[in-house]
Amino acid sequence: MSSPRSPRIWQLKDIRYRLLGVECNKCNKRFLGKRLVCPSCGSRDLKIVELSRTGKIYSYTVVHTPPRGRENYGPYIIAIIELDDGARATGEVVDVDPSEVEIGMKVEMVFRRIGEEDRAGIIYYGYKFRPIL
Amino acid sequence: MRNVAIIGVGITKFGELWDKQLRDLFIDASLEAIKDAKVDLKDIQAIYIGNMSAGEWVEQEHIGPLMADYLGVRGIPSYRVESACASSGIAFKLAYEAVATGLYDLVLVGGVEKMTDVSTEESTHHLASAADREYEAFFGVTFPSLYALMARRHMYEYGTTREQLALVAVKNHRNGSLNPKAHFRNVINIDTVLNSPIVADPLRLFDCSPISDGASAIVIASEDIARKYSDTPIYIIGSGFATDTIALHDRSDITFLWATAEAAKKAYKMADIEPNDIDVAEVHDCFTIAEIMAYEALGFAERGEGGKLIEEGVTELDGKIPVNPSGGLKAKGHPVGATGTAQIVELTLQLRGEAGKRQVQGAEIGLAHNMGGSGSSAVVHILSRVRR
């Protein structure tokens, strides 16, 4: 058994490759990912936008007990990033020692390998974040 | 809406029950509840079963008819309800509503999960399906990590301490040591928690509820029927359910359990009571931080003051609002689909005065709080020993 599956990877590749989200034309708020209805004001007048690729760490953790498929990963950092345009995204923070991470740290999006389905399956990619030098 | 009361409860031992199958657990709890209610199997008009993911854990879906079949009551409707870790709390709400509105007079409601037949990594993967698979779990998010994100931010904004988190586990293990059905019955201290392995920093192993097997079941009936069968019916006087964003990052404030607060507001209003009227509560302490945040969302403490509440001993067994006398999810165990009705089983025993060594003296009104995922679904029930 493997997960995630190829069709699902394909369906969301644009969002994960380019950090896409939606902007509400009514309340101007931005949210990660595809949506047809604004979760804030209920408007259906939304447009797809490229979200800010820089932001700061809103909260973070270091995962020591990984799920299936990540058994061989060392402890890794997961954070909620508040992007400069107000949208938030969850992802890994890389290229930094966990002891140096803190709330408010400025980060930028990077394109990285996320994982693989299994030995015969596809390798999948998407966004991660790293400190801005 | 007519009055509805609990007339029978049953619960299996929680833990790593390698010799028990999914169906064994549910049938054991159900037969115990039916015996306790002094009703016959043929009196049951419908079954509601909370279950998160039997399909993932034991490759069995369609458990509505399966359980009806194995209870020997095939023919009647048997519903399966899923809302992650809140599955049976919400099954209970649906069962209550069906009886309150007159659809049925007597129903069986419960929950079951069989989680320990697979590895921890496998269970961690299945549990992550209660988060947003595509925008959270895909990137490596686990359940402990979501609550760790909340804990970190709660500590940052309110100064909640690592020791305050540990006190929740210490209290719940002490209570669990008095509960023969609990997964863990060992008494621990703050150092046990602080020296345990890191799961998702700042949360350690003893901040996390365990992966457990277990089932719980309850017989509820309309008031007139309940009084025929029971001398100590426990009335359902408040019921509220609310939902929040599936992804944690889409919430403006991750330090507050908004859906819990909304569900509680509805339940308090229906029961016409206030938080300080609660004599005993079972809350969803899937992680220690969750209990502290539940204090705040349920109105037991002001925002940001949950850590102080545990420190002051208010929620201890002999405190003003005893919380999780059963040991909570932390010590009693957390077979996810069984947890919501297990909380109501505990409150029923407490309100009947049958909770043994962990009895909260003179408890008349109890509150159960059950959550799914990172708080994306939350259900609150208020029970009373006295008809209102």
Side-chain angles (χ1 to χ4, degrees), chain A residues 1-5 8-9 11-12 15-16 21 29-35 39-40 57-73 75-83 86-94 98-99 101-104 112 114-115 124 126-129, chain B residues 56 59 118-129 131-157 196-205 207-208 211 243-255 287 289 374:
Chain A
M1 231 200 291
S2 69
S3 174
R5 310 285 173 114
R8 282 172 33 215
I9 304 280
Q11 288 152 11
L12 292 178
I15 287 166
R16 291 183 182 135
K29 287 197 176 125
R30 287 183 166 205
F31 298 91
L32 172 70
K34 250 190 317 201
R35 285 181 183 258
S40 184
I57 292 178
Y58 170 74
S59 192
Y60 70 96
T61 179
V62 186
V63 180
H64 289 248
T65 307
R68 183 184 79 196
R70 283 178 173 254
E71 293 91 340
N72 299 328
Y73 279 62
Y76 57 92
I77 303 160
I78 288 285
I80 293 177
I81 310 300
E82 185 158 83
L83 302 169
R88 285 184 188 164
T90 304
E92 253 188 87
V93 177
V94 294
S99 66
V101 177
E102 56 186 20
I103 288 177
R112 291 288 169 93
I114 304 288
Y124 47 93
Y127 52 81
K128 293 187 182 180
F129 300 89
Chain B
E56 290 280 16
E59 300 182 333
V118 303
S119 69
T120 297
E121 290 82 3
E122 192 79 15
S123 273
T124 302
H125 173 83
H126 299 334
L127 286 166
S129 60
D132 191 324
R133 176 65 74 193
E134 305 294 14
Y135 297 107
E136 293 182 314
F138 177 86
F139 296 99
V141 163
T142 59
F143 253 89
S145 69
L146 287 175
Y147 279 89
L149 291 167
M150 297 185 221
R152 172 95 58 200
R153 191 74 200 182
H154 202 279
M155 294 163 102
Y156 176 82
E157 286 192 18
S196 64
I198 297 172
V199 171
D201 182 49
L203 300 182
R204 292 171 178 269
L205 184 64
D207 289 297
C208 309
I211 290 166
T243 51
D244 201 349
T245 65
I246 188 74
L248 188 63
H249 60 234
D250 281 327
R251 292 179 211 161
S252 56
D253 181 2
I254 68 167
T255 65
F287 299 92
I289 184 64
S374 57

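Predicted model, so just to flag it, every value in this text is computed and none were measured.
Between chain A and the residues Pro197(B), Ala148(B), Ala200(B), the largest count of heavy-atom pairs under 4.5 Å involves Ala200(B). Contact tally against chain B (heavy-atom pairs below 4.5 Å) for Gly126(A), Ala89(A), Gly91(A): the top residue is Ala89(A). Contacts with chain A were tallied for Phe139(B), Phe143(B), Tyr156(B); Phe139(B) has the most, counting heavy-atom pairs under 4.5 Å. When the candidates Ala128(B), Ser123(B), Ser145(B) are compared by the number of heavy-atom contacts under 4.5 Å with chain A, Ser145(B) comes out ahead.
In this structure, chain B has no heavy atom under 4.5 Å from any part of Ala87(A). Of the two parts of Ile114(A), only the side chain, counted from C-beta on, holds a non-hydrogen atom closer than 4.5 Å to a non-hydrogen atom of chain B. Both the backbone and the side chain of Tyr127(A) have a heavy atom closer than 4.5 Å to some heavy atom of chain B. Interface remark: Arg204(B) contributes no atoms to any contact with chain A (heavy atom separation under 4.5 Å). Contact annotation for Pro66(A): only backbone heavy atoms (N, CA, C, O) come within less than 4.5 Å of a heavy atom of chain B. Heavy-atom distances place the side chain of Leu12(A), and not its backbone, under 4.5 Å from chain B. Residue Ile77(A): no heavy atom, backbone or side chain, is found under 4.5 Å from chain B. Residue Leu146(B): no heavy atom, backbone or side chain, is found under 4.5 Å from chain A. In this structure, chain B has a heavy atom under 4.5 Å from the side chain of Arg35(A), while its backbone stays farther away. Only the side chain of Tyr76(A) has a heavy atom closer than 4.5 Å to any heavy atom of chain B.
Each of Glu121(B), His126(B), Glu122(B) was checked for a side-chain hydrogen bond (donor to acceptor under 3.5 Å, both in side chains) with Arg68(A), and the lone residue meeting it is Glu122(B).
Residues Arg251(B) and Thr245(B) bring a donor and an acceptor atom of their side chains to less than 3.5 Å of each other. In summary, the side chains of Arg70(A) and Thr142(B) do not present any donor paired with an acceptor at a separation below 3.5 Å, with no hydrogens or angles considered.
Distance CD1/Ile78(A) to CD/Glu136(B): 9.5 Å, rounded to 0.5 Å. In this structure, CD1 in Ile254(B) is found 11.5 Å from NE2 in His249(B), a value given to the nearest 0.5 Å.
Using a cut-off of 4.0 Å between Lys/Arg side-chain N and Asp/Glu carboxylate O, Arg153(B) and Asp253(B) are scored as not salt-bridged.
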